Structure formats: structure tokens, C-alpha cells
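Worth saying up front: this structure is predicted, and the values here are computed from it rather than measured. Positions are given from 1, in the same order as the sequence printed here.
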Amino acid sequence: ISRGLEYLFEGNTRGLVKAMILGDKSGIDSDYKEEFRQHGLSHIIAISGLHVGILYMVLSKVCFCVSKRRRLNFLLITVLMIFYNLLIGFNISCIRATVMLTLYQLSVIYDRPYDKGKGLFMTSSVYLIIRPQDLFNLGFILSYIAVWSLFYIYPWIYGFFVKESWHYQIKEFMKPVFVTLSVNIGTFPILVYYFCGISVSALIANLLIVPLVFYVYIMSLVSLMVYGLFKAVAFFLAGSVNMMVKYYDLVFLALDDIDFLYLRRPSLMVTLSYYGLLVVWIFWDDMAKVFAGLYDWLSQIKRCNNEGV
């Protein structure tokens, strides 16, 4: 891997790829790290559930192409994911993502419905049993709200904006954009509550850069995997990654003069109300069915009482 990194990638790209795949930030100079921190993109250079999810997607595609046997694929993917966690030092967000993905794989194997909400609740509960002091830790709160946003806000936004008539490639390209938008909607009030404002440059940078992380990660990973066998393919993919990182630099340069937008800190009640309305908005159809069933049940009770009278 080190040899591939040295020969395939240049300058800041080498350190960025090393950080994204191996979790080693030693190759990124302090000024470049500060650019990512200033624009709210530190999560890109830190191994997180995002990177684990992308790796799982790649492994699933490869295993499915090699074999159609679900249990064999499950075993192979699980072993590789555990090995990857071992390689990066068992990062807690990666462990969470790995556990949730493992539960999802088991539900597929045994043809059982996978409840994402229960999976998220179970992993957060186990984590808090081990580290109860992190209940009010900002990183923990943002991490789980971001995942909740992906599970529940993203499907609604994607279904609302994306039309069936759109070309498949356009739909695939727009997915990362709506993923980023969903996470921003979910984490917005928490950021305002803790920091009394938002970084406008961070909002813009996340929309412009995060959708490309998927492609940067996959092309970097594949280029390193095929470097020993297909050097021409590896150099082509690595060249594309180098160009994307140059695009990152242009975005940073364009956003450097955008100031932090200070806002009045909302009360805890306002923040909770925001999430309450969000839950009602997302689960309105399900809640309407529950209320309709409750109304019918009460109507039957009233009718029975009238008949008894």
C-alpha cells in the first residue's frame, strides 16, 4: 500500500488518500488539515461510518460478482470488515457501522425485515452502556443524528426531488448530494445550539465536496488494489483522484473569505421542537394511520355504549 501511495498520488492527495483509507493523517501537513477543519470537512480525513459504508458497498459488489452464495459472502465480508477495523485501530464510529451492516447482512441471509431504527438504537445503547459519560458528548450526538438523518430524512428528500423519468446515471450522481443535504438538515439545530451560529462556508463546502468523497474513496481503493497487476488502470484512476483533490483546493480558495454566520442560540425547547416537527413530518403517513385506527376504535366503543344504553 505504501509503495502504491508513493507512486500513484502526488502532494496533498497522497496524505489525503492515506488518511481516508488507513486513518493515518501523518501525511497531511498542518495547513491542509486546517483547511478541512475551517470548512467543516474534518470528517472526510477521519475514518468514519461513511468510509466503512463505502467499503462495504465495494466488497458486496465484488463478492456478488464472484459468488451468489449469501452465507459465504457474509462470512467473507464480515472477516474483511473486522480485519479493516483492526487495521485502523477499532474506531468507535467504524465499529458502530460494522455492527449495523452485519445485522443488515444477517437479515438478508435469513429473509427477515431489517429495522434500521432498532439497529441504531441497539448500537447506541450498547455504546452508552460501555461509555455512559458520552451521552452528552457532541461528537456522539452529531454522529448518531447524522445516521438517523440518513435513515429517515434522506429517503423522503430523495423521493420528493428525484423523478422516475430521470436517467439512472443522473439518479446515482444525485444520491451523494441529497445524502449531504439530509445530514445538514438533521444536524443544523445542534450546531446552532452548541456554537451559536453556523459556518456558511462549511454548508457550501459539504454540498460541493462530500458528494465526490464516494468516488475519491472508491477510485483510490481500486487503484491501490490493482496497482501490482494493471498499472495503466491504477495510474488512470489515481490521476482522476489527483484532479478531484485539485478541485477541493479550488473550492477552499473560493470559500476562504466567507464568514461565520452568528445566530442567536435557540432554547433547548426550540431545538427539541424542531426535531419533534421533523419526526411528525417524516412519519406523518404512519402517524395518520395510527390516529385513524385510534379514532375507529373509539368510535366503536362509543357505538357499543350507545347500543347498551
Side-chain angles (χ1 to χ4, degrees), residues 9-21 25 28-54 57 142-143 145-147 149-150 153-158 160-163 166-192 195 197-221 223 237-263:
F9 304 103
E10 58 187 36
N12 290 325
T13 308
R14 186 183 303 120
L16 181 62
V17 171
K18 191 176 182 181
M20 289 178 64
I21 294 179
K25 302 178 187 176
I28 307 177
D29 63 61
S30 57
D31 291 338
Y32 204 51
K33 283 182 185 177
E34 180 59 23
E35 287 281 3
F36 278 88
R37 189 202 65 78
Q38 179 183 342
H39 297 294
L41 295 167
S42 296
H43 56 282
I44 290 179
I45 57 176
I47 296 289
S48 64
L50 170 67
H51 303 85
V52 173
I54 296 173
M57 191 181 304
L142 288 175
S143 174
I145 287 181
V147 176
S149 302
L150 291 177
I153 299 178
Y154 165 72
W156 193 95
I157 290 180
Y158 184 81
F160 182 81
F161 286 102
V162 177
K163 308 302 179 185
W166 288 12
H167 191 275
Y168 172 77
Q169 295 298 334
I170 297 177
K171 290 181 182 179
E172 290 299 307
F173 179 78
M174 291 302 295
K175 281 182 179 180
V177 176
F178 289 119
V179 163
T180 305
L181 182 61
S182 302
V183 172
N184 281 322
I185 290 173
T187 57
F188 171 75
I190 293 295
L191 293 174
V192 176
F195 299 110
I198 56 171
S199 171
V200 178
S201 68
L203 292 175
I204 300 172
N206 272 271
L207 286 172
L208 294 176
I209 289 179
V210 171
L212 293 179
V213 171
F214 176 82
Y215 304 101
V216 169
Y217 187 92
I218 288 182
M219 287 192 286
S220 301
L221 189 64
S223 64
L237 293 173
S240 300
V241 172
N242 288 322
M243 291 297 294
M244 288 186 185
V245 174
K246 284 184 171 59
Y247 163 75
Y248 286 7
D249 296 338
L250 291 174
V251 172
F252 291 159
L253 185 63
L255 297 177
D256 275 344
D257 295 329
I258 298 180
D259 295 329
F260 188 86
L261 177 62
Y262 288 96
L263 300 171

Thr13 OG1 to Ile28 CD1 distance, which is reported to the nearest 0.5 Å = 10.5 Å
List the steps, then state whether side-chain contact (heavy atoms from CB on, under 4.5 Å) holds for Tyr248 with Val213.
-> CA-CA 10 Å; Tyr248 286 7; Val213 171; 3.9 Å; yes
Can you say whether the rings of Phe36 and Tyr32 are parallel (under 30°), tilted (30 to 60°) or perpendicular (over 60°)?
-> perpendicular
Separation between CD1 (Ile185) and CZ (Phe178), nearest 0.5 Å, reads 10.0 Å
Minimum side-chain heavy-atom gap Leu181-Ile153 below 4.5 Å = no
Leu191/Leu142 under side-chain contact (heavy atoms from CB on, under 4.5 Å): CA gap, chis, key distance, verdict = CA-CA 9 Å; Leu191 293 174; Leu142 288 175; 4.0 Å; yes
Kindly give the heavy-atom pair with the smallest separation between Ser149 and Gly186, and that separation in Å.
-> OG-CA, 3.3 Å
Decide yes or no on side-chain contact (heavy atoms from CB on, under 4.5 Å) for Leu212 and Tyr215, but give the supporting numbers first.
-> CA-CA 5 Å; Leu212 293 179; Tyr215 304 101; 4.3 Å; yes
How far apart are the C-alpha atoms of Phe9 and Ser223, what are their side-chain angles, what is the distance that settles it, and do they pass the side-chain contact (heavy atoms from CB on, under 4.5 Å) test?
-> CA-CA 10 Å; Phe9 304 103; Ser223 64; 3.5 Å; yes
Ile209 side, atom CD1; Ile204 side, atom CD1 - distance, nearest 0.5 Å | 11.0 Å
